[in-house]
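In what follows, a single structure is set out as structure tokens and then discussed.
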Amino acid sequence: MTIVEARTPDPKKFIKGATGDWEIVIGMEVHAQVTSEAKLFSGASTQFGKDPNANVSLVDAAMPGMLPVINEECVRQAIRTGLGLKAQINLKSVFDRKNYFYPDLPQGYQISQFKQPIVGEGKILLEMPEEKVEVGVERLHLEQDAGKSLHDQHPTMSFVDLNRSGVALMEIVSKPDLRSADEAKAYLTKLRTILRYLGTCDGNMDQGSMRADVNVSVRRPGEGFGTRCEIKNVNSIRFVGQAIEYEARRQVAILEDGGSIDQETRLFDAVKGETRSMRSKEEAHDYRYFPDPDLLPLEFTQGYVDELAAHLPELPDDKKARFITDYGLTDYDADVLVAERESADFFENVAKGRDAKLAANWVINELFGRLNKEGLTLETSPVSAAQLGGIIDLIKSDTISGKIAKDLFEIVWTEGGDPAQIVEDRGMKQVTDLGAIEAIVDDIIAANPEKVEQAKTKPGLLGWFVGQVMKQSQGKANPQAVNDLLKQKIGLE
Ligand code: ADP
Ligand code: MG
């Protein structure tokens, strides 16, 4: 694996056009709603799913004379996010007014940060199947969300819901470092994982707490950047992939036809799987940005930042490295487990003081497999970490075989209870008493003299005998002991 810093064109990612290869270039602007009870400049609630206009203060409605007051919690969360992205934290930043008209923006401007954002350059590491890719983060700034216009509930009327008006967003802007739809999806997934670990954004794209603007351009490999289109507000990771695939091919078709790309803002139509033009691209000067006279520059000390840094949780990259070195897990298993903080914690609870590889195997293959199948999550899992640990202890102490362990898992899954007690009560213990196993082995051998003769020259038949003994012992005979006894008695050793 190599770390790719300045991205070298990779033919595997090229689009094959009629006139040759094209490289896709992607940069993302992600709007992540800050996890905070109150809005960025008002005390109104941010609770999701309330009736329209239930979460609106006079500030959010832009009543004359109302003044914004910065919510310190949002500032703290933005700094923590910056630290999680290994980014430069700016001790002084400035809020600006971005001026435009829209019915769901009663102020007539959005308070955002333009020239001096709270967070500067950072990075996100992607682990793609064949390489590690470091994606640059350009900046993170704080801004207000707008309200929402509802056009389709009544044939002749439009409504405005200001519940989101003033909600704090972090806009996280990547450098144009991504080169395929897969990388863009991996970037969003990783960013969401980091935000969730930090607890700074819940990452729920279906509730609009994370939205991506996807900038796409194409170029001949080795050439300078092409003109980009920005696909606005894509609200699922899968759609991001589809939008990029469609958009890149659309641009290639135009260029190969001798045309040129208009820099524009486009929408992704998830039903048709297409992007379509929304408006020509606006430029920064169109917005007449200027520092908001109602707000002082945002300033804090390095000591405050250091204090937040000292209390950051362990992040996915570090956790993964630790799982590999401390527990001897494979890269794949570690990846699966650290994808969510909850699964990593669950695994550690199961693995504590136990065979970690066996624990990882049971957590990933048995438990996660089953949860996925039933559409459940760890939160709603019928099997707890303590119960799964109990099953593993019984395997490790040779009390039950791996096969019986699966039956036991099934019982714990459907009925609950203490695994050791269940094994005791239902007589599921593995028979390691050689005398008892020998009696069964002798029975089977006596009943099948011809097969015994055949087995002497065809050792593959041993498996059949093992199966018979296991069946007769209802799966409780120790398989190793059965194997040893059979070999000895048939005379294979
Ligand atoms: P603006 O703020 O006007 O939208 P920026 O220069 O800040 O423009 O870039 C916005 C996003 O577009 C960033 O994520 C950046 O990486 C991406 N981007 C810039 N140029 C290109 C390009 N040629 N192709 C694809 N993405 C690009
Ligand atoms: Mg932009």
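Both ligands and their constituent atoms are indexed starting at 1 by order of listing.
- Of all atoms in ligand 1, listed by their number and element, those nearer than 4.0 Å to a heavy atom of M28 are 14 (O).
- Although no hydrogens or angles enter the test, the distance criterion places a donor-acceptor pair under 3.5 Å between the side chain of R341 and the main chain of Y197.
- Contact annotation: for K175 versus ligand 1, heavy atoms closer than 4.0 Å belong to the backbone alone.
- Partner of C229 under the side-chain contact (heavy atoms from CB on, under 4.5 Å) criterion, out of M278, R250, Q263: R250 alone.
- With distances taken over non-hydrogen atoms, the option nearest atom 5 (P) of ligand 1 out of E29, R228, E138, E230 is R228.
- Residue V25 has at least one heavy-atom neighbour below 4.0 Å for each of these atoms of ligand 1: 24 (N), 25 (C).
- Atom CZ of F290 has more than 12 heavy atoms from other residues, nucleotides or ligands within 6.0 Å.
- Using a 4.0 Å cut-off between heavy atoms, V173 contacts ligand 1 through its side chain alone, with no backbone atom that close.
- Residue K373 places its NZ atom among 12 or fewer non-hydrogen atoms of other residues, nucleotides or ligands, all under 6.0 Å distant.
- Counted within 6.0 Å of NZ on K148, heavy atoms from surrounding residues, nucleotides or ligands total 12 or fewer; the atom is thus considered open.
- The residue from G226, C229, A284 that puts a heavy atom closest to atom 23 (N) of ligand 1 is G226.
- Nearest to atom 12 (O) of ligand 1 by heavy atom, out of I26, N215, V216, is N215.
- Using the six-membered ring where Trp is involved, Y100 and Y287 have ring planes that are perpendicular, over 60° apart on the 30 and 60° scheme.
- Under a 4.0 Å criterion applied to the non-hydrogen atoms of P176, ligand 1 contributes the atoms 16 (O), 27 (C).
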Side-chain donor-acceptor pairs of residues 52-63 under 3.5 Å, sequence neighbours excluded:
from, atom 1, to, atom 2, distance (Å)
N53, OD1, L162, N, 2.6
N53, ND2, V160, O, 3.0
N55, ND2, S45, O, 3.4
N55, ND2, Q47, O, 3.0
S57, OG, S42, OG, 3.3
S57, OG, V59, N, 3.2
S57, OG, D60, N, 3.3
S57, OG, D60, OD2, 3.0
D60, OD1, S42, OG, 3.0
D60, OD2, K39, NZ, 3.3
D60, OD2, S42, OG, 3.2
D60, OD2, S57, N, 2.9

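- For the residues S217, G224, S174, the heavy atom positioned nearest atom 15 (C) of ligand 1 is part of S174.
- Atoms of ligand 1 found under 4.0 Å from any heavy atom of F225, numbered from 1 in the order shown, are 23 (N).
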